[in-house]
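Numbers here simply count residues along the sequence, with the first being 1. Every value quoted in this text rests on a predicted model; they were computed, and no experiment measured them.
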Amino acid sequence: MRIALAQIITGRELERNLALVRDYARQAKAGGADLVVFPEATMRAFGNSLLDIAEPLDGPWASQVRAIAADEGIVVVVGMFTPGAAGAGALKVRNTLLATGPGVDASYDKIHLFDAFGFAESDTVDAGTQPVTFDVGGVTFGLATCYDVRFPALFTENAERGAQVNIVCASWGAGPRKVEQWKLLSRARAVDSTTFVLACGQGDPASQGLEAKGSAPTGVGHSAVVSPFGEVLQELDAAPGLLFADLDPAVVQDARSKLPVLANRHRF
């Protein structure tokens with residue numbers, strides 16, 4: 001199976017960001033991909049208001065993404081924001097991944113919220129509670145978002161549910177050693193779960209001469225495809241770009257035969 005990672009830099013304007021999805025989805029399909037992954041916060045970049053643009057999964061922005069996926073005949077995984085739970089207190093959104101395309105209609109709400117490095121995602125976002133997997137062409141994919149990559153249990157749970165590939169969509173925060181941590185964690189989660197890891201992040205605004213907005217995590221680039229043995233198969237730099245990779249599920253089977261960490265692990 002051929003996949004593509006679309007390392008883009010999104011901004012405030014929803015239509016401009018949707019145009020990026022359309023453009024990169026077309027490029028991915030033209031390159032032979034069956035699935036294209038976009039980063040977290042594709043709908044609107046962090047550092048902008050989110051509550052005013054959050055919409056249900058059948059809302060206008062998500063519906064346009066579905067139309068793009070249907071028109072191109074490709075599965076699209078994209079980061080958006082949906083309304084949080086109704087109730088007392090401040091209104092919040094959910095940090096959601098939408099997976100849509102031929103035979104696929106799934107969504108995942110980010111479980112581990114980024115309350116770290118001076119940023120409090122939980123101030124504005126409700127956490128999800130359930131892992132999510134979906135199938136494309138006989139291959140099972142698990143979903144994760146950004147800070148989730150620091151928590152191995154989600155990746156092994158996805159693998160237990162049949163995932164041969166884990167997708168991580170991110171808008172990674174910049175800072176000392178943060179790129180190194182992103183790379184390390186992506187490789188570690190691949191080895192933990194003996195899955196391919198598709199780590200798709202927002203490009204670094206600085207690579208395009210754009211200034212970061214306060215402490216908002218707006219991306220560092222370095223999207224990558226990692227094998228179940230922890231080998232980086234393909235990687236981008238900080239700038240926007242489109243990465244292609246061919247995934248062979250037999251490699252997952254081989255890894256699990258040689259290194260059966262899922263079968264050998266204990267639950268305490």
Side-chain angles (χ1 to χ4, degrees), residues 1-5 32-37 39-40 75 77 97 99 101 103-104 106-114 127-170 172 177-201 222-236 243-268:
M1 172 179 288
R2 172 159 278 205
I3 62 87
L5 305 186
D34 301 297
L35 175 147
V36 58
V37 182
E40 175 188 25
V75 175
V77 179
L97 296 180
V104 176
S107 65
Y108 165 76
D109 293 329
K110 184 179 182 182
I111 292 173
H112 303 96
L113 300 184
F114 184 65
T129 59
Q130 293 297 320
V132 173
T133 62
F134 65 92
D135 294 341
V136 178
V139 178
T140 302
F141 294 79
L143 291 170
T145 303
C146 205
Y147 194 47
D148 281 334
V149 79
R150 294 184 181 271
F151 300 88
L154 176 59
F155 290 75
T156 53
E157 178 62 26
N158 285 342
E160 291 281 3
R161 296 181 181 210
Q164 297 136 302
V165 185
N166 271 302
I167 295 171
V168 188
C169 301
W172 199 253
R177 298 175 297 279
K178 290 296 296 295
V179 171
E180 289 81 0
Q181 290 174 29
W182 166 247
K183 293 181 178 182
L184 172 65
L185 291 162
S186 299
R187 295 180 65 197
R189 297 299 81 85
V191 174
D192 290 338
S193 58
T194 47
T195 62
F196 287 101
V197 166
L198 311 183
C200 183
H222 294 277
S223 298
V225 176
V226 185
S227 83
F229 292 104
E231 177 187 5
V232 177
L233 303 177
Q234 300 283 346
E235 181 182 352
L236 294 172
L243 175 159
F244 289 91
D246 295 308
L247 308 183
D248 182 356
V251 175
V252 176
Q253 184 177 356
D254 183 45
R256 292 177 180 177
S257 174
K258 293 176 178 175
L259 191 65
V261 292
L262 294 174
N264 293 343
R265 73 188 180 111
H266 289 260
R267 295 173 177 82
F268 299 99

Enquirer: Between N166 and S193, does a side-chain contact (heavy atoms from CB on, under 4.5 Å) hold up when you go through it step by step?
Expert: CA-CA 9 Å; N166 271 302; S193 58; 3.6 Å; yes
Enquirer: Of the non-hydrogen atoms in S227 and A190, which two are nearest, and what is the gap between them?
Expert: O-CB, 3.3 Å
Enquirer: Are V225 and I3 close enough that some pair of their side-chain heavy atoms sits under 4.5 Å apart?
Expert: yes
Enquirer: Are V165 and L247 close enough that some pair of their side-chain heavy atoms sits under 4.5 Å apart?
Expert: yes
Enquirer: Closest approach of L185 and W172, non-hydrogen atoms and distance?
Expert: CD1-CH2, 3.9 Å
Enquirer: Would you mind reporting whether L35 and F141 have side-chain heavy atoms less than 4.5 Å apart?
Expert: yes
Enquirer: Do P131 and L154 have side chains that get closer than 4.5 Å, going by heavy atoms?
Expert: yes
Enquirer: Could you check whether any side-chain heavy atom of S107 comes within less than 4.5 Å of a side-chain heavy atom of V132, counting everything from C-beta outward?
Expert: no
Enquirer: Check whether R256 reaches the backbone of L262 with its side chain - one donor and one acceptor, N or O, closer than 3.5 Å.
Expert: no
Enquirer: Rounded to the nearest 0.5 Å, what separation is found between the CG atom of L143 and the NZ atom of K110?
Expert: 13.5 Å
Enquirer: Can you tell me how far the CG atom of D254 sits from the CZ atom of F229, to the nearest 0.5 Å?
Expert: 4.5 Å
Enquirer: Could you walk me through whether R189 and V168 pass side-chain contact (heavy atoms from CB on, under 4.5 Å), step by step?
Expert: CA-CA 10 Å; R189 297 299 81 85; V168 188; over 6 Å; no
Enquirer: Within a reach of under 6.0 Å around CD of E160, are more than 12 heavy atoms found that belong to other residues, nucleotides or ligands?
Expert: yes
Enquirer: For T156 and D192, work out which heavy atoms get closest and say how close.
Expert: CG2-O, 3.7 Å
Enquirer: To the closest 0.5 Å, what do you measure between CZ (F196) and CD (E231)?
Expert: 9.5 Å
Enquirer: Give, for atom CG of L198 and atom CD of Q234, the distance between the pair rounded to the nearest 0.5 Å.
Expert: 11.5 Å
Enquirer: Do you know the tightest heavy-atom contact between V252 and T194?
Expert: CG1-O, 3.3 Å
Enquirer: Show the nearest heavy-atom pair for residues S223 and L5, with the distance to one decimal.
Expert: CB-CD1, 4.2 Å
Enquirer: Take the angle between the ring planes of Y147 and F114 and call it parallel below 30°, perpendicular above 60°, tilted in between.
Expert: perpendicular
Enquirer: Heavy atoms only: give me the nearest A159-T195 pair and the separation to one decimal.
Expert: CB-CG2, 4.1 Å
Enquirer: What distance do T145 atom OG1 and I111 atom CD1 have between them, rounded to the nearest 0.5 Å?
Expert: 9.0 Å
Enquirer: Does the E235 side chain pair with the main chain of H222, one donor and one acceptor, at a distance under 3.5 Å?
Expert: no
Enquirer: Using a 3.5 Å distance criterion without hydrogens, assess whether the side chain of D148 forms a donor-acceptor pair with backbone atoms of H112.
Expert: yes
Enquirer: I'd like to know whether I167 forms a side-chain contact (heavy atoms from CB on, under 4.5 Å) with C200, so could you lay out the CA-CA distance, the side-chain angles of the two residues, the decisive distance to 0.1 Å, and finally the verdict.
Expert: CA-CA 8 Å; I167 295 171; C200 183; 5.9 Å; no
Enquirer: For the pair S186 (side chain) and W182 (backbone), establish whether a donor and an acceptor sit closer than 3.5 Å, ignoring hydrogens and angles.
Expert: yes
